[in-house]
Participant: 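Got a structure for you, written out below as structure tokens; questions coming shortly.
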Amino acid sequence: MSDATITEPDAKTLQSAPEISIVIPVYNEAQNLPLLFERLCAVVDRMGRPCEVVFTDDGSKDNSLEILKGFVTKRPDIIRVVEFDRNYGQHMAVMAGFETARGEIIVTLDADLQNPPEEIPKLVAEIDAGHDVVGSYRRNRQDSVFRTLPSRIVNLVRERITGIKMRDQGCMLRAYRRSIVRIIVESGETSTFIPAMAQFYAERPSEVEVEHAARHAGVSNYNLYKLIRLNFDLMTGFSLVPLQLFTMVGMVVSGASLLLVVYMLLRRLFIGPEAEGIFTLFTILFFLLGVVITGLGIVGEYVGRIYQQIRARARFRIRAIHEKR
Ligand code: UDP
Ligand code: MG
């Protein structure tokens with residue numbers, strides 16, 4: 001624990017639980033944190049409602065944690081920092097923030113200033129208006145076409161496969177009522193996609209348009225591989241359609257193969273044996289082999305997640321919570 005935890009509490013921090021908790025996952029964001037802090041503080045002070053900001057340091061390799069601890073000292077009335085023992089990924093970092101948050105309204109956003117903190121009151125207002133989950137979509141998304149095009153395709157496929165309606169699944173600037181956050185935390189899921197789970201449980205969801213900026217500094221933590229993994233989490237976590245689709249493909253291929261067998265049998269009887277067409281045979285064989293391996297992979301995606309979940313290991317380990325009590 002940091003020394004901030006053992007100092008005497010002052011009157012300001014002894015006040016009752018905050019109304020609004022802002023949860024922010026942080027992984028190697030040292031260059032973005034100072035400006036984020038400044039803008040956040042301004043927003044929080046302007047809102048004039050009891051707020052807390054819960055940062056989760058997701059095992060950063062730069063000095064993000066030191067900077068965050070500095071924030072606790074600067075603004076002990078609002079800042080709390082959850083320290084992970086290593087990197088568990090963005091969604092687990094948010095999950096730990098959820099566990100720690102005390103507010104009735106919980107807002108998530110990214111640490112890289114792609115989601116302007118100034119939009120928080122807009123989301124909070126939607127919750128105040130009676131919604132339990134408030135999503136957002138980015139007005140003019142400031143990412144390269146290599147990020148926007150795949151995510152457009154993924155949004156489409158996800159909606160078809162999982163039936164979860166979200167205009168922009170990649171935008172993490174979202175607000176939730178405590179009841180929704182509680183269900184998410186209690187699910188105990190390890191490989192999950194938080195906005196989708198919230199949308200799944202939401203009774204009165206709503207979406208607002210928000211601004212989007214280019215990353216303030218540094219580069220995205222997601223490469224193509226990580227993005228594919230994340231989307232598998234989303235697909236397998238909310239739908240059996242990939243498996244079912246595969247069964248269907250299997251049935252169609254089996255039916256077609258059966259027709260081919262009948263044809264070959266008749267040909268053998270009435271025309272005689274055929275020796276040519278070896279490469280045609282290989283082509284068909286390779287194709288079918290590809291289908292089988294893909295199927296095995298899809299089954300594996302589910303089995304792996306079942307295995308992970310069934311061992312019931314801790315989803316993450318919190319080394320310390322830095323706050324001024
Ligand atoms: N993040 C995290 N753990 C990780 C990767 C990312 O906590 O393993 C945080 C990161 O610090 C940022 C947010 O998740 O606050 C979104 O990450 P990033 O900006 O890299 O993703 P993108 O905006 O490109 O989707
Ligand atoms: Mg980002």
Side-chain angles (χ1 to χ4, degrees), residues 21-37 39-40 53-68 71 79-101 106-117 119-120 135-155 158 166 168-174 190-196 210-234 315-319:
S21 298
I22 300 165
V23 170
I24 307 177
V26 175
Y27 182 60
N28 296 345
E29 304 280 9
Q31 289 170 287
N32 297 321
L33 288 174
L35 184 60
L36 174 70
F37 176 68
R39 286 171 60 181
L40 261 176
V53 182
V54 182
F55 287 101
T56 305
D57 175 63
D58 188 13
S60 295
K61 292 180 182 68
D62 62 4
N63 60 337
S64 294
L65 180 65
E66 298 313 310
I67 297 175
L68 291 173
F71 295 166
I79 305 288
R80 305 168 71 202
V81 176
V82 177
E83 180 189 342
F84 273 177
D85 61 345
R86 62 178 179 83
N87 180 252
Y88 292 92
Q90 180 185 359
H91 289 263
M92 283 305 111
V94 171
M95 193 71 90
F98 279 179
E99 278 185 10
T100 315
I106 292 148
V107 180
T108 59
L109 80 155
D110 286 348
D112 57 3
L113 288 164
Q114 289 202 273
N115 310 134
E119 301 276 18
I120 294 174
S136 64
Y137 49 93
R138 296 167 269 196
R139 198 192 310 273
N140 45 40
R141 193 174 159 186
Q142 303 290 322
D143 276 318
S144 73
V145 68
F146 296 103
R147 283 304 306 273
T148 50
L149 189 70
S151 84
R152 202 169 293 166
I153 297 170
V154 154
N155 265 305
R158 185 252 318 138
M166 265 189 294
D168 186 3
Q169 67 177 43
C171 189
M172 283 301 278
L173 182 53
R174 287 164 189 276
T190 46
S191 38
T192 197
F193 199 87
I194 286 169
V210 294
E211 285 296 338
H212 189 243
R215 213 173 208 288
H216 175 63
V219 288
S220 169
N221 290 299
Y222 283 97
N223 50 32
L224 187 63
Y225 174 74
K226 270 185 155 185
L227 277 178
I228 292 174
R229 303 302 325 151
L230 189 67
N231 278 290
F232 263 114
D233 282 344
L234 183 51
R315 296 188 275 187
F316 43 76
R317 253 179 63 204
I318 295 175
R319 189 182 280 152

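Numbering of ligands and ligand atoms starts at 1, following listing order. FYI, the numbering just counts along the sequence from 1.
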Participant: If the test is side-chain contact (heavy atoms from CB on, under 4.5 Å), which one of Thr100, Leu40, Ile22 qualifies with Phe55?
Facilitator: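 Output: one option passes, namely Leu40.
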
Participant: How far is atom 13 (C) of ligand 1 from its nearest protein heavy atom, and which residue and atom name does that atom have?
Facilitator: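 Looking only at protein heavy atoms, the one closest to atom 13 (C) of ligand 1 is Asp110 OD1, 3.4 Å.
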
Participant: Among all protein non-hydrogen atoms, which one is nearest to atom 24 (O) of ligand 1, and what is the separation to 0.1 Å?
Facilitator: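 Ranking protein heavy atoms by distance from atom 24 (O) of ligand 1, first comes Ser220 OG, 2.5 Å.
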
Participant: If the condition is ring pair (Phe, Tyr, Trp, His ring centres under 6.0 Å), which residues does Tyr88 pass it with, not counting sequence neighbours?
Facilitator: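 Phe84.
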
Participant: Protein N/O/S atoms under 2.8 Å of the Mg ion (ligand 2)?
Facilitator: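 As for protein N, O or S atoms lying under 2.8 Å from the Mg ion (ligand 2), they are Asp112 OD2, Gln114 OE1.
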
Participant: Report, in ascending order of atom number, the atoms of ligand 1 lying under 4.0 Å from any heavy atom of Val26.
Facilitator: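 So the atoms of ligand 1 that pass are 7 (O), 11 (O).
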
Participant: Side chain of Arg158, backbone of Met166: donor and acceptor closer than 3.5 Å?
Facilitator: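 Side chain of Arg158 to backbone of Met166: a pair is present.
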
Participant: Minimum heavy-atom separation for Gly89 and Asp58, please, with both atom names.
Facilitator: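 Result for this residue pair: N-OD2, 3.0 Å.
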
Participant: Is it the case that the side chains of Asn32 and Gln114 hold a donor-acceptor pair, with the cut-off being a distance below 3.5 Å and no angle test?
Facilitator: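 There is no such pair (donor and acceptor under 3.5 Å, judged by atom type) between the side chains of Gln114 and Asn32.
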
Participant: For Gly97 versus Thr56, what's the shortest heavy-atom pair and its separation?
Facilitator: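 Result for this residue pair: N-OG1, 3.7 Å.
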
Participant: Provide, to 0.1 Å, the distance between atom 23 (O) of ligand 1 and the closest protein heavy atom, together with that atom's residue and name.
Facilitator: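 Going atom by atom, the protein heavy atom closest to atom 23 (O) of ligand 1 ends up being Gln114 OE1, 2.8 Å.
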
Participant: Return the closest protein heavy atom for atom 19 (O) of ligand 1 as residue, atom name and distance.
Facilitator: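 In this structure, atom 19 (O) of ligand 1 has Asp112 OD2, 2.6 Å as its nearest protein heavy atom.
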
Participant: To check your reading of the model: name the closest protein heavy atom to atom 1 (N) of ligand 1, its residue, and the distance in Å.
Facilitator: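 Nearest protein contact, heavy atoms only, for atom 1 (N) of ligand 1 is Tyr27 CB, 3.7 Å.
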
Participant: Any atoms of ligand 1 less than 4.0 Å from a non-hydrogen atom of Asn87? List them with their elements.
Facilitator: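 Once the distances to Asn87 are compared, the set is 3 (N), 4 (C), 8 (O).
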
Participant: Quick test: of every protein heavy atom, which one is nearest to atom 12 (C) of ligand 1, and how far off is it to 0.1 Å?
Facilitator: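 Here the nearest protein heavy atom works out to Glu29 OE2, 3.4 Å.
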
Participant: Give the minimum heavy-atom separation between Glu29 and Ser64, together with the two atoms involved.
Facilitator: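 The answer is N-OG, 3.0 Å.
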
Participant: May I ask you to decide if Leu173's main-chain N or O and Ser136's side chain share a donor-acceptor pair within less than 3.5 Å?
Facilitator: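 Yes; judged by distance alone, with no hydrogens or angles, the pair exists.
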
Participant: Can you tell which of Val107, Leu109, Ile194, Ile106 makes a side-chain contact (heavy atoms from CB on, under 4.5 Å) with Val23?
Facilitator: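 When Val107, Leu109, Ile194, Ile106 are each tested with Val23, the side-chain contact (heavy atoms from CB on, under 4.5 Å) holds only for Ile106.
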
Participant: Quick one: nearest non-hydrogen protein atom to atom 6 (C) of ligand 1, plus distance?
Facilitator: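 For atom 6 (C) of ligand 1, the nearest protein heavy atom is Asn221 ND2, 3.5 Å.
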
Participant: Is Gln90 touching ligand 1 with its side chain, its backbone, both, or neither, if touching means heavy atoms under 4.0 Å apart?
Facilitator: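 The answer is both, backbone and side chain.
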
Participant: Ignoring hydrogens, what is the shortest heavy-atom contact between Ala101 and Val54? Give both atom names and the distance.
Facilitator: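 Reported closest heavy-atom pair: CA-CG2, 4.3 Å.
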
Participant: Can you check whether Arg215 reaches Leu113 side chain to side chain, under 4.5 Å on heavy atoms?
Facilitator: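 They are not in side-chain contact.
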
Participant: Counting only heavy atoms, tell me which of Thr108, Asp58, Leu36 gets closest to atom 3 (N) of ligand 1.
Facilitator: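 Among Thr108, Asp58, Leu36, the closest heavy atom to atom 3 (N) of ligand 1 comes from Asp58.
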
Participant: Determine the minimum heavy-atom distance between Thr190 and Met92, stating which atoms define it.
Facilitator: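 Between these two residues, the closest heavy atoms are O-CE, 2.8 Å.
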
Participant: Looking at Pro195 and His91, what are the two nearest heavy atoms and their distance?
Facilitator: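 Here Pro195 and His91 meet closest at CD-CE1, 3.8 Å.
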
Participant: Quick check: Val219 and ligand 1, any N/O pair under 3.5 Å apart?
Facilitator: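 It does not: no N or O of Val219 is found under 3.5 Å from an N or O of ligand 1.
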
Participant: Give the numbers and elements of all ligand 1 atoms closer than 4.0 Å to a heavy atom of Tyr222.
Facilitator: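 Per the distance check, 21 (O), 25 (O).
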
Participant: Do any nitrogen or oxygen atoms of Ala93 lie less than 3.5 angstrom from nitrogen or oxygen atoms of ligand 1?
Facilitator: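 Between Ala93 and ligand 1, no N or O pair is found under 3.5 Å apart.
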
Participant: Should Arg215 be listed as contacting ligand 1, given a heavy-atom distance under 4.0 Å as the test?
Facilitator: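 In this structure, Arg215 qualifies as a contact of ligand 1 - some heavy atom is under 4.0 Å.
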
Participant: Side-chain donor-acceptor pair under 3.5 Å between Arg152 and Asn155, yes or no?
Facilitator: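 Judged by distance alone, the side chains do not pair up.
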
Participant: Is Ile24 touching ligand 1 with its side chain, its backbone, both, or neither, if touching means heavy atoms under 4.0 Å apart?
Facilitator: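 Neither; no heavy atom under 4.0 Å.
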
Participant: Which residue and non-hydrogen atom of the protein lie closest to atom 9 (C) of ligand 1, and at what distance in Å?
Facilitator: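 For atom 9 (C) of ligand 1, the nearest protein heavy atom is Pro25 O, 3.8 Å.
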
